[in-house]
Amino acid sequence: MKGETLKKVKISVIEVTFSEERAKRYAPEGYGKCELHDVGQVFYSNGWQKPSGLCDNAWNCMRDYVLAISQGAGFIYGDGGFTNQEGMVIVACNDGIRPVIFKVESTDMESDTFNEDLTTVKSLHKDPSNTSTK
C-alpha cells in the first residue's frame with residue numbers, strides 16, 4: 001500500500017554450531033566454528049538491506065524472510081507451520097559444517113524505507129510492458 005512504512009527486523013544469533021565429524025571428513029585443516037558471529041549478537045535490518053557485520057552467506061539465506069517480515073508477514077509457511085509465533089522465523093546460514101542459527105523477528109520500529117504502490121514501482125523501474133510484475 002502506498003506510503004505504508006516497513007518495520008525494522010531484529011536478527012539475533014541464537015546458536016553457533018560446529019560438526020567435528022563433518023569437518024574431519026570434508027573441511028580443510030584448521031576449520032572451526034564460525035569466527036564472525038557469537039551467540040547474543042543482534043542486528044537490525046530496514047527490511048531490504050543487509051546489516052553491517054552480518055555474514056553475506058547468512059544474509060542470502062534469510063533476506064526473503066526479512067523482507068516479508070518487514071512488510072508485516074504473519075506466520076511463515078502457514079499458521080504455526082514453521083514457527084510458533086507470527087512475524088518470526090528461525091533460519092540457519094548455509095555452511096553445512098558450522099551453521100550459525102538466527103532468530104529473525106518483527107519489531108515496532110519504523111524502517112527508513114517504504115512500500116510504493118504498483119503504479120509507482122512500474123514508473124520508477126521504467127517498465128511500461130509490466131514484465132517485472134507478471
Side-chain angles (χ1 to χ4, degrees):
M1 288 183 258
K2 185 175 184 176
E4 184 177 323
T5 58
L6 297 176
K7 299 294 183 182
K8 288 186 180 183
V9 175
K10 182 180 179 180
I11 303 165
S12 304
V13 178
I14 61 172
E15 190 174 349
V16 178
T17 67
F18 178 69
S19 170
E20 288 186 36
E21 180 182 324
R22 285 192 298 269
K24 286 178 186 173
R25 188 168 181 182
Y26 302 110
E29 191 162 325
Y31 205 70
K33 279 188 172 185
C34 175
E35 296 178 4
L36 186 59
H37 293 300
D38 295 306
V39 172
Q41 280 180 304
V42 175
F43 303 90
Y44 288 90
S45 172
N46 59 8
W48 56 271
Q49 191 173 36
K50 180 182 82 71
S52 178
L54 183 69
C55 171
D56 290 342
N57 287 327
W59 176 248
N60 289 337
C61 295
M62 72 176 74
R63 67 179 171 210
D64 292 341
Y65 299 124
V66 171
L67 182 59
I69 290 170
S70 74
Q71 295 177 21
F75 286 109
I76 305 296
Y77 296 124
D79 291 345
F82 200 62
T83 62
N84 62 3
Q85 180 181 325
E86 288 190 56
M88 185 267 288
V89 67
I90 304 299
V91 65
C93 74
N94 59 4
D95 187 327
I97 297 171
R98 57 181 184 184
V100 176
I101 315 298
F102 299 87
K103 179 180 179 184
V104 178
E105 60 190 318
S106 61
T107 72
D108 291 331
M109 297 181 284
E110 288 191 6
S111 184
D112 57 358
T113 188
F114 57 93
N115 292 327
E116 293 284 1
D117 64 285
L118 191 55
T119 303
T120 304
V121 171
K122 287 179 191 176
S123 68
L124 289 174
H125 291 282
K126 298 174 179 39
D127 187 15
S129 300
N130 194 24
T131 58
S132 66
T133 54
K134 287 185 178 178

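- Closest heavy-atom contact between N84 and F75: C-CE2, 3.9 Å.
- Every residue two or more places apart in sequence or in another chain that forms a side-chain hydrogen bond (donor to acceptor under 3.5 Å, both in side chains) with R63 is listed here: N60.
- The salt bridge (Lys or Arg N to Asp or Glu O under 4.0 Å) contacts involving residues 96-108 comprise D95-R98, K103-E105, where partners must be two or more places apart or lie in separate chains.
- Applying the side chain to side chain contact (heavy atoms under 4.5 Å, CB included) test to S45 and every residue at least two apart in sequence or in another chain returns I11, P51, W59, V66.
- Residues satisfying the side chain to side chain contact (heavy atoms under 4.5 Å, CB included) test with A27, not counting sequence neighbours, are A23, Y31, I97.
- Here the side chains of V13 and F102 are in contact, with some heavy-atom distance below 4.5 Å.
- To the nearest 0.5 Å, atom OG of residue S111 and atom CG of residue L6 are 5.0 Å apart.
- Under the ring pair (Phe, Tyr, Trp, His ring centres under 6.0 Å) criterion, F43 pairs with H37, sequence neighbours left out.
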Which side-chain N or O atoms in residues 14-21 pair as donor and acceptor under 3.5 Å with protein atoms at least two apart or in another chain?
unit_1 : atom_1 : unit_2 : atom_2 : d
T17    : OG1    : P99    : O      : 2.5
S19    : OG     : R22    : N      : 3.1

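- Residues satisfying the side-chain hydrogen bond (donor to acceptor under 3.5 Å, both in side chains) test with Y26, not counting sequence neighbours, are none.
- For the atom pair L54 CG and Q41 CD, the distance stands at 8.5 Å (nearest 0.5 Å).
- Side-chain contacts under 4.5 Å among hydrophobic residues (ILVMFWY), followed directly or transitively, place V42 together with Y44, M109.
- Here the closest heavy-atom approach between residue N94 and residue C61 is recorded as N-SG, 3.4 Å.
- With sequence neighbours left out, Q49 forms a side-chain hydrogen bond (donor to acceptor under 3.5 Å, both in side chains) with N46.
- Applying the salt bridge (Lys or Arg N to Asp or Glu O under 4.0 Å) test to residues at least two apart or on different chains, the pairs with a partner in residues 32-54 are K50-D56.
- Looking only at distances, a side-chain donor or acceptor of T83 sits under 3.5 Å from a matching main-chain atom of M88.
- For K8, there are no side-chain hydrogen bond (donor to acceptor under 3.5 Å, both in side chains) partners two or more places apart in sequence or in a different chain.
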